[in-house]
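Only one structure is covered here, and it is reproduced in the block below.
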Amino acid sequence: MQPPVARREPHPTNIHGQTLEDDYFWLRNKDSEEVIEYLKAENAYTHAFMEPTKELQERLYREMLSHIKETDVSVPYLANGYFYYTRTVEGLQYPIYCRKPSPVPGDPNAVYNDSVAEQVILDVNELAKDQPFMAIGGLAVSPDNTLLAYSTDNTGFRQYTLHIRSLVTGEDLPDTAPRTGSLVWADDSKTLFYTLEDEQTKRHYRLYRHTLGEDTAKDVVIFEETDERFNLGAGRSRDRKYIFLESGSHTTTEVRFAPASDPATFTLLAPRINDQEYYADHRNGRFYIRVNDTGKNFRLVSADVNAPGREHWVEELPEDAEYPLEDFDLFRDFAVASDRVLGLPRLRVFGWSGEKLTSASEEVTFPEPTYSAGLHVNAEFAAATFRYSYQSLVSPSSVYSYDVNTHSSTLLKQQEVPGGFDRSRYASERIWATAFDGTKIPVSLVYRRDEFIRNGENPLYVYGYGSYGYALPVGFNPNRLSLLDRGLVLAYAHIRGGGDLGDKWHDAGKMRVKMNTFTDFIAATEHLVAEGYGDPKRVAIEGGSAGGLLMGAVTNLRPDLFSVVLSHVPFVDVINTMLDDSLPLTVGEYEEWGNPNEPEAFATMHAYSPYDNLKPGDYPAMLVKTSLNDSQVMYWEPAKYIAKLRTLKNNGTPLLLETNMDAGHGGASGRYDYLKEIAFDYAFLLTQLGVEKP
């Protein structure tokens, strides 16, 4: 088959003395039959190209499936007298949410009993019947344990509909509402608070109060956030005494609170200050607040609930210039600080002396050179232990219980990896590459020991993201075994713009210095090749969403460096999207990318926007994937990008676009369908690298 050719229709935009030409603007019309037919034609071309890999796709799918325990159960956690967990069943696409009553009601340290009868509270497989897509948004059990508030999305557009289910009868009540977000019960188990999303901008901007049994059309607006940069989120303190309402932008937060026993009025904790974030929890009549008012790495302060303003804040933990304080979790008898040391997670445990933290702390240590770790589900305020999760590139996901009194960890469950997985066959490393300005960039690596030859022979795969202050997770994924067992070296570049080394790392790769993100990725790849970790002629890269922007930008900057590009739901049409403030997310995103209506911001963004910087030349093999119902990065961005690139690309490497017509930003919702999508990606990757024949 010949690739589709999208017609060209001039659409100029005049801004800052320049004219931007967008010949494929017409692809934005989702209701157009011509647009849908074009996307289907691209799909047909992609599937025809991939037809010779069908057998390989099936083999990869079976391989990956063999490493998954299809019938499994999560670690049960205790919450308000019940143990909650999810189950998966072989052959079923979705999880089943369950619970069992605690054998010792009222004991926050009760032990799970297998023999107690199970109650299924939500079977997502039942919800998904006759639906092309199904995802769960929020889940909240009422304080009296008789009701479940939950929300569902059946399109992939991430607009969730509220439902309330009786956990006595198993039936859903007539109470329902569209476009909901946070779900929080008051103590009376009759009052439910929920946030509402603006239909056009997808910004959660209102908090509503719903009374059980009443028409949701009559629900009362408790608070409305008028600043378009801010989203609302609501939740409860771990001790369940307070409901918090947080207004947050990318750089600023503001918190309101109300007693869960009488949430008639929400009180402002401290007024917002631009570029200052604070987050609160409660213990014994005091709010404990993590705040970045004295430095980017955050400190911890406290204040009496009756006088919570900044003028009353008492410092509990000072800001540390080296170690970013990412979270602080309160319990009745101890507290846990989550921070990072040279980009790696650390947990520190503190005791209490009255309402003050003890100065001494103990550390939970981790054994590997690169890993991910953090607190797991800890719903009980008065527990004597806390749970944390741990995984690495070679160690499957695990949940531990830490006993504060004995200073010891107990493994509760490690992800079982069937199909002959042997951890000792694989090795991980953490190295540092040098950026163009001398900055050291951490890179995490994994490979199979007996397949790795450090002389530049192995195919190399490099993954990156680098935006929103998001720390790139270094976790275990059994699907990757299909790549590792074929000799690929996998690398994860912790580039600036992410949060791996704190907010300063984020700031060094956003707004007017966003180009650092892309040059860091290039420097990391060059370093890996120079050090013999991969064949310079067989380098594959992958990223999604803002990581798809990364893929587009680095491919434009250095098309010679990469052989294969996998780009998922890529944010590639930066200028046109950020000029349209009617689109979801745009105004709030000004704090991450800049506002192109401002000349200096426009110049910065225009210098890296992948769509605007395409030019005639040779390009790597590329598979670009999107979804018709994506609410984060609209389908037309990658569609326009491919259409334009087809007119400029000179060499014969494949250029493929696949659109999932029934999903959103995360692709297929069912676990088997999602696995088939990965097998498709891997088949393209391996054949283009010459590892497998089509």
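All values below come from the heavy atoms of this structure, side chains included, with hydrogens, waters and symmetry mates left out.
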Within the 6.0 Å centroid threshold, strictly below: [X] and [Y]:
X	Y	value
Y682	Y461	no
F476	F421	yes
Y400	Y388	yes

Between [X] and [Y], does any side-chain donor sit less than 3.5 Å from a side-chain acceptor?
X	Y	result
T577	E637	yes
K413	S398	no
T46	E658	no
Y38	E34	no
Y468	E589	yes

Please work out whether the ring planes of Y112 and F83 are parallel, tilted or perpendicular, with thresholds of 30° and 60°.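 Correct class here is perpendicular.
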
Describe, in one word, how the ring planes of Y533 and Y447 are oriented to each other, choosing from parallel (under 30°), tilted (30 to 60°) and perpendicular (over 60°).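 Tilted, since the angle between the ring planes falls between 30° and 60°.
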
Knowing that exactly one of T647, T555, V572, L648 qualifies, which makes a side chain to side chain contact (heavy atoms under 4.5 Å, CB included) with L614?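 For L614, the side chain to side chain contact (heavy atoms under 4.5 Å, CB included) test succeeds with only one of T647, T555, V572, L648, which is L648.
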
Just to verify, which of I121, L122, T161 counts as forming a side chain to side chain contact (heavy atoms under 4.5 Å, CB included) with Y150?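 Going through the options one by one, the only one that passes is L122.
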
Side chain to side chain contact (heavy atoms under 4.5 Å, CB included) against P345, all qualifying residues, sequence neighbours excluded: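 Side chain to side chain contact (heavy atoms under 4.5 Å, CB included) list for P345, sorted by chain: R340, Y371, A373.
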
Only counting residues at least two apart or in another chain, list the ones meeting ring-ring contact (aromatic ring centres under 6.0 Å, His included) with Y635.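 Testing Y635 for ring-ring contact (aromatic ring centres under 6.0 Å, His included), a comparison that skips the adjacent residues, returns none.
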
